[in-house]
Amino acid sequence: MWPPAKASDMTRTDAPVTPPVVLTVAGSDSGGGAGIQADLKTIEACGGFGTSAITSVTAQNTTGVQGQHLLPIEQIKAQIEAVTGDFDVAAVKTGMLATSEVINLVVDHATDLPNLVVDPVMVAASGDRLLAAEAEDAYETLIAEASVVTPNADEAAVLTGRDVDDPAAAEHAGRDLVEMGADSALVKGGHVPGDAVVDTLVTEDEVTTFRHDRIDTEATHGSGCTLSSAIATQLAHGDDLPTAVGSSIDLLASAVRYNVDVGEGPGAVHHLVQTRNDAARHPTSEAVERAVSALVDADVSALVPERGMTVAGATPYAERPDAVAAVEGRITRTMDGVRPNRGVRFGASTTVARALLAAREHDPAVRFAVDCRLTDAVEDALASLDGPVAEYDPDKRPDAVSDDATAWGVGQALETSKGTPVAVVGRKGVGTSGGVTLLAADADDLVSRVETIHGTVEDSV
């Protein structure tokens with residue numbers, strides 16, 4: 001029995017942890033996607049302890065802001081002083097400050113607010129104004145106290161008087177903000193047109209750009225709050241500025257792609273996306289191990305390619321090969337059947353992992369894949385599967401595509417397929433000897449598809 005039984009008069013020793021404390025000074029969002037609620041979720045997800053000073057209470061949801069009420073300035077002041085007077089605050093971020101009076105209050109307390117990240121919230125994602133017009137000029141004094149200021153293109157235009165419509169203009173706006181006194185400025189590119197989102201970090205000494213693919217969604221509610229809170233928390237952990245900003249942008253990109261579909265409006269970003277993904281690593285590797293054991297027990301020798309077979313499983317929000325668990329060294333044929341060379345670990349696969357990630361670009365529900373040999377008998381057996389089969393020609397891969405042929409081919413096949421295929425056939429060509437990639441949302445379904453093909457092939461002999 002675990003934990004061991006305790007005597008009735010026995011007490012347990014406590015085991016406290018000491019995460020860095022992060023303070024958010026911002027408005028409350030009753031819809032939970034932005035504001036204080038988003039900040040606290042993100043801070044905790046990034047390993048900090050979230051504290052708060054609420055400036056305004058809004059009645060809002062995914063469709064917009066229905067009302068707002070500014071708290072008395074003395075109450076906001078009392079919250080800030082209650083937190084800074086008791087906690088060893090390691091970083092602070094500001095969000096909705098609403099009026100010049102509140103902005104000036106934060107400025108007055110700036111000496112007690114280390115690693116100050118200023119998100120100059122002016123307008124909600126729904127278009128509702130969250131800052132009084134008279135307060136725009138007051139931001140200049142707060143920017144002068146900021147370690148980082150994180151405006152989007154529209155906010156940067158208001159603060160600097162400069163139109164921000166491309167990365168070069170973003171850099172100029174960032175330099176303007178640094179000249180106002182900020183240690184650094186991150187001018188976000190989400191509102192700047194283009195297939196890629198380019199965020200521009202400017203300090204007195206250098207300019208760093210962060211580029212990622214634009215995500216086709218309107219569910220960006222809370223994105224600014226999430227990014228600034230993540231940056232503050234990473235700074236509280238002691239990360240240097242480029243590392244803090246880069247890791248926070250990565251988190252936000254995942255949070256936007258795997259957004260939370262709640263409410264009647266566009267929805268909100270997924271603040272806990274990385275936490276949930278990390279929690280799924282062990283169950284994912286266990287699912288791959290179970291699949292491998294099942295294929296070994298079934299002795300699927302007829303489907304194992306000459307180079308060996310790889311079973312791979314992606315975490316629910318996998319974006320890179322290091323979030324894909326696979327058989328290290330592949331499953332190979334032996335005199336006694338098939339055997340894995342080694343165990344399962346994350347990052348063990350390249351070809352199948354990238355093929356799986358390519359499939360997930362078109363259908364994120366796909367989480368498991370296995371590569372099989374391509375013979376006439378195997379191809380005929382694909383008809384026994386319950387689902388569409390797609391194919392690609394590796395010789396049609398553009399020279400400019402640097403990814404391996406299988407990943408490119410799987411992506412092409414899903415792009416042109418009517419519905420997500422259960423199998424993708426790659427013909428023999430440049431960079432590939434030909435093969436079949438089986439796909440599934442569930443490890444058990446993947447095993448079932450392999451066994452169905454194997455049984456059909458065996459029956460045909």
Side-chain angles (χ1 to χ4, degrees), residues 22-27 34-35 38-39 42 55 91-100 102-111 113-123 130-131 135-164 167 169-192 197-210 223-236 239-249 252:
V22 180
L23 167 63
T24 168
V25 184
D39 295 340
T42 304
T55 60
V92 181
K93 66 88 55 175
T94 67
M96 178 185 177
L97 300 182
T99 68
S100 58
V102 179
I103 294 172
N104 291 334
L105 173 66
V106 177
V107 172
D108 290 342
H109 287 77
T111 55
L113 308 178
N115 289 315
L116 178 58
V117 180
V118 174
D119 182 16
V121 175
M122 297 178 181
V123 179
L130 298 175
L131 180 72
E136 291 177 358
D137 292 339
Y139 255 113
E140 188 166 344
T141 57
L142 181 57
I143 289 170
E145 302 291 344
S147 298
V148 193
V149 57
T150 63
N152 60 34
D154 298 331
E155 293 160 347
V158 171
L159 294 170
T160 66
R162 184 189 298 275
D163 289 336
V164 179
E171 178 181 337
H172 289 307
R175 293 189 186 280
D176 291 343
L177 293 166
V178 171
E179 287 180 4
M180 290 181 193
D183 293 341
S184 63
L186 176 67
V187 182
K188 299 175 290 189
H191 292 185
V192 178
V197 175
V198 181
D199 301 311
T200 305
L201 176 65
V202 180
T203 66
E204 188 173 328
D205 299 323
E206 62 182 338
V207 176
T208 307
T209 56
F210 302 86
S223 57
C225 306
T226 300
L227 179 60
S228 55
S229 296
I231 293 171
T233 308
Q234 297 309 128
L235 291 174
D239 286 359
D240 60 58
L241 181 63
T243 300
V245 170
S247 63
S248 299
I249 288 173
L252 181 60

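The first residue in the sequence is number 1, and the count goes up from there. When reading the values below, keep in mind they use all heavy atoms of this one structure, side chains included, and skip hydrogens, waters and symmetry mates. These numbers come from a predicted model, not from an experiment.
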In the structure I gave you, are the side-chain heavy atoms of [X] and [Y] within less than 4.5 Å of one another anywhere?
X: L159; Y: Y139; result: yes
X: V25; Y: L23; result: yes
X: E204; Y: D183; result: no
X: V117; Y: T150; result: yes

Return the set of residues passing side-chain contact (heavy atoms from CB on, under 4.5 Å) with [X] (not counting sequence neighbours), or none when no residue passes.
X: T203; result: S184, D205, E206, L241
X: D154; result: N152, H191
X: A170; result: V164, V187, T200

[atom2] on [Y] to [atom1] on [X], rounded to 0.5 Å:
X: L235; Y: N115; atom1: CG; atom2: CG; result: 5.0 Å
X: D199; Y: I249; atom1: CG; atom2: CD1; result: 4.0 Å
X: E155; Y: T160; atom1: CD; atom2: OG1; result: 11.5 Å
X: L116; Y: T94; atom1: CG; atom2: OG1; result: 6.0 Å
X: L142; Y: L97; atom1: CG; atom2: CG; result: 6.5 Å
X: L113; Y: E145; atom1: CG; atom2: CD; result: 9.0 Å

Salt bridge (charged side-chain N to carboxylate O under 4.0 Å, His left out) partners for E171, two or more places apart: R175
Run the side-chain donor-acceptor check on residues 224-234: report pairs under 3.5 Å with partners two or more places apart or on a different chain.
from, atom 1, to, atom 2, distance (Å)
T226, OG1, G222, O, 2.8
S228, OG, K93, NZ, 3.3
S228, OG, G224, O, 3.0
S228, OG, C225, O, 3.2
S229, OG, D39, OD1, 2.7
S229, OG, C225, O, 2.9
T233, OG1, S229, O, 2.8
Q234, NE2, D239, OD2, 3.0

Which atom pair, heavy atoms only, marks the closest approach of A138 to N104? CB-OD1, 4.4 Å
List for me each residue that meets side-chain hydrogen bond (donor to acceptor under 3.5 Å, both in side chains) alongside H172, sequence neighbours excluded, and say none if there are none. none
Stepwise side-chain contact (heavy atoms from CB on, under 4.5 Å) test for D119 and K188: CA-CA 11 Å; D119 182 16; K188 299 175 290 189; 3.8 Å; yes
